[in-house]
Protein chains: 2
Amino acid sequence: MISDLLPGAGAGARPARGVPDATVARLPTYHEALGRLFDGRVEVVSSTALAEAAGVSPSQLRKDLSCLGTYGTRGVGYDVARLQRQIATRIGAASEWPVVIVGVGHLGTALANYAGFAPRGFRVVALVDPSPVLVGTTVTGLVVSDLTELEEVVRNTGAVIAVLATPAGAAQAVADRLVHQGVTSILNFASTALVVPEGVNVRKVDLGAELAILAFHEQRKVEEV
Amino acid sequence: MISDLLPGAGAGARPARGVPDATVARLPTYHEALGRLFDGRVEVVSSTALAEAAGVSPSQLRKDLSCLGTYGTRGVGYDVARLQRQIATRIGAASEWPVVIVGVGHLGTALANYAGFAPRGFRVVALVDPSPVLVGTTVTGLVVSDLTELEEVVRNTGAVIAVLATPAGAAQAVADRLVHQGVTSILNFASTALVVPEGVNVRKVDLGAELAILAFHEQRKVEEV
DNA sequence: TAGTGTGAATGCCTTCACAGCT
DNA sequence: AGCTGTGAAGGCATTCACACTA
């Protein structure tokens, strides 16, 4: 939606080789839709069909894909396998990215268990939390490390992507330490605007805000009567 | 970000009394920032200060607030309490919205426990899942209902907002049933584009896609060398 | 004929710059 | 003097329409 409009915004992101931000944000959706709909059985797909599966307009899909170079055949459609490979390479789903999760509360635990990461090339390699109750326990086969060892954990795993699922108050301090250790991409679930240096990408996911946006529309419906 | 742009976009949303979608998406952030920074002690805030706390530009903040009518004083700033009240009313945070969560896996459980909903006027009033193992158990003080009773649950609670934390395959069917019972706002965590009638708002939160967008930028950094 | 690729046009959002209050 | 409110300008993103190709 909106997208974006969307909330969940990038910071410090440079214009990126001619691919507009809005397009980048949709590529994962296309990739996912391709995998979900056409597991080896369909060989060609039209822009109309794929667009519907991804929830966008056909012309938008075509324009987006044209940014990656052209992988369709006029009069026919797109070669599914080839297109999927191409998008995968571009969004890095072909590689495997180690990810560190900081904050092992309810949300952090859910993310550690989230099945949608693995097929997209992400592997959760470490969990970090300050709570003595949690440190040392095992979650999804990973031992929770103490927050004081954050630097060591990041160094050992070589992670450049981190997920922040801490309370809002702790987020900035943790982010600073992550960036200092070489993390350059942060997915932030805390409801704070993080300040990071140029070149570090942050995406914010504010679950409360998402619901609030829906409530706004509901509120408007109420007022209309 | 991209916000919005962004994935997570509204569907069926009408132009809304002159308030643009992009502004609506930021209002909850302003509301949250006001609450976090100024708990009763500061009476006036400038657009510059609030904008920094919310992670936007001062001019954007001013333009956004001007959509709500004018609650600032030239040469002085915004009356914190008054502004907060005004935004709260507009986004419906002054009311209390009952919310039904469908899908009580790791994510659904985390959402049921999420502390960020209550202060924004949301109360989780029901949990629904098809699994015989879960039905009847208690999560955060709520007994999990069977998916077959979905219609009854929605009717009894009077919820118009629902959260979908089901697998992708089940999402559309559940959405259809929710809409049929009068739900008009859906927060969708399943990685599927939902088809809903005019007048129903859907916001999609795709956690895997969020990470994938970050991976795209990392991939680009790698290729640059 | 069917469906991609893409300039052109439209519309939306953001940024700028300054007029207007206090 | 300081800071909001807002028209105007500029930049993106989306949509349209059609040339082009298999």
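Within every chain, numbering begins at 1; the chains are lettered A, B, ... in the order of the sequence lines, protein sequences first and strands thereafter.
- Within the 4.5 Å cutoff, no side-chain heavy atoms of V183(A) are placed close to those of V160(A).
- The side chain of R62(A) lies closest to dC18(D), out of dT4(D), dC18(D), dC13(C).
- Between R26(A) and dT14(D), a side-chain N or O to OP1/OP2 separation shorter than 4.0 Å is present.
- Residue pairs that meet the salt bridge (Lys or Arg N to Asp or Glu O under 4.0 Å) test with at least one member in residues 26-36 of chain B, sequence neighbours left out, are R26(B)-D64(B), E32(B)-R36(B).
- The side-chain contact (heavy atoms from CB on, under 4.5 Å) check on E52(B) picks up nothing, with sequence neighbours excluded.
- Listed by residue number, there are no residues of residues 50-59 of chain A with a heavy-atom contact under 4.0 Å to DNA chain C.
- The distance from atom CG of D21(A) to atom C1' of dC12(C) is 16 Å, rounded to the nearest whole Å.
- Comparing atom distances between the K63(B) side chain and each of dA8(D), dC13(C), dA13(D) picks out dA8(D) as nearest.
- Considering only side-chain N and O atoms, Q60(B) lies under 4.0 angstrom from the phosphate OP1 or OP2 of dT15(C).
- Identified under the salt bridge (Lys or Arg N to Asp or Glu O under 4.0 Å) test for residues 103-118 of chain B, with sequence neighbours left out: none.
- A search for side-chain contact (heavy atoms from CB on, under 4.5 Å) contacts involving N113(B) returns H106(A), T109(B), V139(B), T140(B), not counting sequence neighbours.
- For DNA chain C, the residues of residues 74-83 of chain A within the heavy-atom distance limit of 4.0 Å (strictly under) are R74(A), G75(A), V76(A), G77(A), Y78(A), sorted by number.
- Between S47(B) and dT4(D), a side-chain N or O to OP1/OP2 separation shorter than 4.0 Å is present.
- Applying the 4.0 Å criterion to OP1 and OP2 of dC3(D), one finds that S46(B) has every side-chain N and O outside that range.
- Under the side-chain contact (heavy atoms from CB on, under 4.5 Å) criterion, E151(A) pairs with R155(A), R177(A), Q181(A), sequence neighbours left out.
- Side-chain contact check for H31(A) versus Q84(A): some heavy-atom pair is nearer than 4.5 Å.
- One can place CG of D64(B) at 13 Å from C1' of dT6(D), the figure rounded to the nearest angstrom.
- As a whole-Å value, the separation of L65(A) CG from dT4(C) P is 10 Å.
- Put simply, CG on L61(A) is 17 Å from P on dA13(D), counting in whole angstrom units.
- Applying the salt bridge (Lys or Arg N to Asp or Glu O under 4.0 Å) test to residues at least two apart or on different chains, the pairs with a partner in residues 95-107 of chain A are E96(A)-R123(A).
- Partners of D176(B) by side chain to side chain donor-acceptor pair (under 3.5 Å), not counting sequence neighbours, listed by chain and number: Q172(B).
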